[in-house]
Amino acid sequence: MTEGNAAYRPEDPDHTLIRRMAAGETEALDELYARYGPGILNFLVARLNNRQLAEEVLQDVMLAAWRAAPNFREESKVLTWLLTIARNRAINTQRKLRPTLVELNEEVKLQVTDTGPLEKVSRLDKYEALREGLEQLPEMQREVLVLVFFHQLSGAEVAEMLNISVGTVKSRLHRAKEMLRRVLPSEENL
Amino acid sequence: MQSDWQDLIPFYVAGTLNEVDKRRLEAILAESDEARATLQEWQLIGDFVRSEAATWSRGMPPLSDVVRTTINHDVQQSDRATRPNNPPVVIDEVPPAEPPQKVVPFPTSDVHEPRREKMAQSGRSVRIPFTLVAAGLMIILFGGLLFAALLREPDDNLTAAQLLETMTRAVSSTPDGSSTPEPDLGILSVPDEPHTPTPQAEPTDADTVVQRPQPSWTPPPNRCVARAANADVNVYQQAAETVVIDTLPHNEYRSVSVYSDADGGWYELIRLEGGILGWVRADAVILSGPCSDLAAPSPSPTLAETEVVTAGECTVTAIAGVDAAIYETPSRSSAVIQTVADFVAIDVLSTTASGWYRVTYNASDSIWVGYMNEADASFSMACQQLDILPVPSETPAVSAAMDTSTGVEPSLQTFDYTGDEPIRPGETINLTWTAVDAAGVTILFYRGDVDPNDYGVLDPLATFGNLGVSDSVQVVIPQGYTQPNAVYVLFMDALHDDNERVFGGIVTVPVEVE
């Protein structure tokens with residue numbers, strides 16, 4: 001039974017942090033920011049592809065978390081809760097900036113470096129190419145890569161956070177890899 | 001179609017694969033060159049993403065002054081509303097020897113009780129001689145009365161602190177025997193205004209939170225601004241959604257950016273400091289300023305890529321750049337109830353002969369059932385196999401010949417569900433019903449823990465409207481739903497009164513959650 005399982009669920013120490021915020025402890029917000037701020041920031045950068053904008057939205061996310069703390073139901077990990085807030089705020093921001101982002105999105109097709117004979121490239125070159133490729137990926141693929149590899153969320157957790165199926169998570173990963181593969185000028189591509 | 005092991009590799013590289021899949025994959029890796037090559041590819045990507053993402057958060061700024069100011073304000077508001085009128089004041093340190101007139105006078109209330117206790121417990125007596133000297137001077141000044149008091153038989157229980165307070169009280173007494181009025185310590189104050197609640201997660205039906213007096217308010221020129229009509233107004237994450245993210249206080253205003261006519265009218269508000277605040281119902285706010293030419297919102301997230309999503313046997317392919325709107329009815333003139341951002345959770349339920357598809361879309365907190373036009377998206381061949389349903393009739397208009405004054409109450413004959421049990425999140429159930437003497441049916445979806453008294457009062461997780469009086473609808477239990485029960489409440493629209501909604505019945509669906 002679900003309720004029985006809930007009784008045995010180990011206490012998440014992060015939940016205590018949120019309860020302290022709900023009780024009005026401003027220091028708890030500082031702790032939350034120190035603990036999760038960097039992770040949320042790099043997720044926002046992945047989502048918005050703009051560091052300055054991501055920093056602004058990060059502040060908005062922390063304020064939203066502070067105010068939403070009394071309503072946190074402790075049914076999810078604090079990280080995924082914060083990431084969900086961050087994603088919603090990022091989407092709102094993108095809507096406001098839509099004209100610019102539409103242009104970017106229209107240019108989403110990656111430029112394939114089809115420059116003739118393939119050359120051996122160093123790992124540094126690969127990273128440089130991957131960096132360009134990552135920037136050009138659609139935001140929905142880039143965010144899945146960051147959630148899986150940086151935040152180490154499982155497929156089910158990513159699916160729940162993004163409100164998509166696990167199959168879609170996998171297909172986005174697969175597509176991201178295929179697009180990144182195309183930007184690498186090497187004999188083995190990747 | 002890629003192999004199962006290909007799906008597992010990225011999670012293997014990330015270290016999030018479960019043990020069973022991990023062992024299975026490692027067995028494949030031991031035998032397959034292709035699998036090992038794919039692993040190398042993912043390792044390069046994984047290493048790169050980790051190192052690259054780590055650089056994005058370097059030099060993270062501190063929490064901004066705006067955030068700090070806001071949360072401190074929240075705390076102050078909360079404190080003011082919760083503190084008692086005469087709270088105890090704890091003074092940890094007694095001031096060092098000071099002139100008597102600077103000693104905090106002993107008030108008539110018990111606010112200094114903690115101080116007295118603390119001194120008694122710690123046995124501090126270093127200031128007694130000084131105080132005694134001061135008291136002695138006062139004794140000389142006030143003569144025999146106080147002197148006699150000191151000469152009386154000592155009380156074994158009288159502590160140094162109590163003695164100090166006795167002296168202090170004597171010093172601060174006025175000649176007529178009344179106490180010196182207690183000065184304002186400036187530490188705590190009596191609440192002078194009502195507590196402003198934090199934004200509520202559950203919006204109320206009236207969309208208001210706290211009634212307040214009418215503010216004196218002057219809208220700024222040259223800007224279209226909105227203020228709450230009568231009380232604090234809930235601010236929603238999206239138009240026509242139920243997720244409350246903030247509150248627009250009654251005595252404040254916000255700039256309005258755009259107007260959406262979806263679901264009866266919504267305004268998108270801008271923060272004073274910039275950035276989107278959220279959406280408010282049009283009927284809950286009053287506009288001022290140049291608001292006559294508000295623009296419609298820009299198409300909500302257009303699709304950046306072509307993505308194929310499988311919905312049962314029917315696949316949906318988004319068309320880049322097309323606004324993927326879900327309409328309330330299969331008509332371009334009907335309201336847009338939701339705009340699909342990712343276009344990845346669309347389930348096609350059925351199709352109509354006129355080029356419309358009935359779909360259900362899992363938004364972040366709601367399920368929307370509506371119609372998409374075939375011109376807005378590309379549907380797979382499998383969708384052609386869907387049953388073609390007649391276009392549902394619009395809510396029957398009351399004909400002139402119909403007697404609208406009879407007041408015949410609609411009634412519900414059946415309301416039930418079917419589904420493959422156990423029913424889990426992500427699975428589909430089929431709701432069927434038969435209503436009599438009704439103009440239409442609306443079904444509200446609530447979490448299992450909602451008090452039945454709140455059905456129809458609290459905003460539901462989703463609303464399925466414009467349904468026929470005898471019909472069925474397929475509903476997907478949302479992914480991530482964690483309640484043991486999902487509740488569907490059916491309301492019927494009365495024939496005789498467009499605004500009257502009559503309670504029909506409830507179906508509780510047991511949901512098995514992990």
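The sequence lines fix the lettering, A, B, ..., with proteins before strands; numbering per chain opens at 1. Basis for what follows: all heavy atoms, side chains included, without hydrogens, waters or symmetry-related copies.
In this structure, the portion of T55(B) lying under 4.5 Å from any heavy atom of chain A is its backbone and not its side chain. Using a 4.5 Å cut-off between heavy atoms, Q59(A) contacts chain B through both its backbone and its side chain. If you measure heavy-atom distances from L134(A) to chain B, the contacts under 4.5 Å come from the side chain alone. For chain B, the nearby parts of A46(A) are the backbone and the side chain; heavy atoms of each come within less than 4.5 Å. Contacts of P425(B) with chain A are absent, with no heavy-atom separation under 4.5 Å from either backbone or side chain. For L153(A), the part lying near chain B is the backbone, with the side chain staying farther off; criterion is any non-hydrogen pair under 4.5 Å. For V169(A), the part sitting under 4.5 Å from any heavy atom of chain B is the side chain, from C-beta outward, and nothing else.
Residue F149(A) is tested with V49(B), D47(B), T16(B) for a side chain to side chain contact (heavy atoms under 4.5 Å, CB included); the sole match is V49(B).
At a threshold of 4.5 Å between non-hydrogen side-chain atoms, the residues Y33(A) and M60(B) count as touching. The side-chain heavy atoms of L63(B) and W66(A), taken from C-beta on, include no pair separated by under 4.5 Å. Looking only at side-chain heavy atoms (C-beta outward), R67(A) and I71(B) stay at 4.5 Å or farther from each other.
In the displayed structure, D65(B) atom CG is contacted under 6.0 Å by at most 12 heavy atoms of other residues, nucleotides or ligands.
Scanning all heavy atoms of the two residues, the minimum distance from W42(B) to L145(A) falls at CZ3-CD2, 4.1 Å. The heavy-atom pair separating V148(A) from F11(B) by the smallest distance is CG2-CE2, 3.9 Å.
Contact check on D4(B) versus K170(A) returns no salt bridge, with no Lys/Arg side-chain nitrogen under 4.0 Å from an Asp/Glu carboxylate oxygen.
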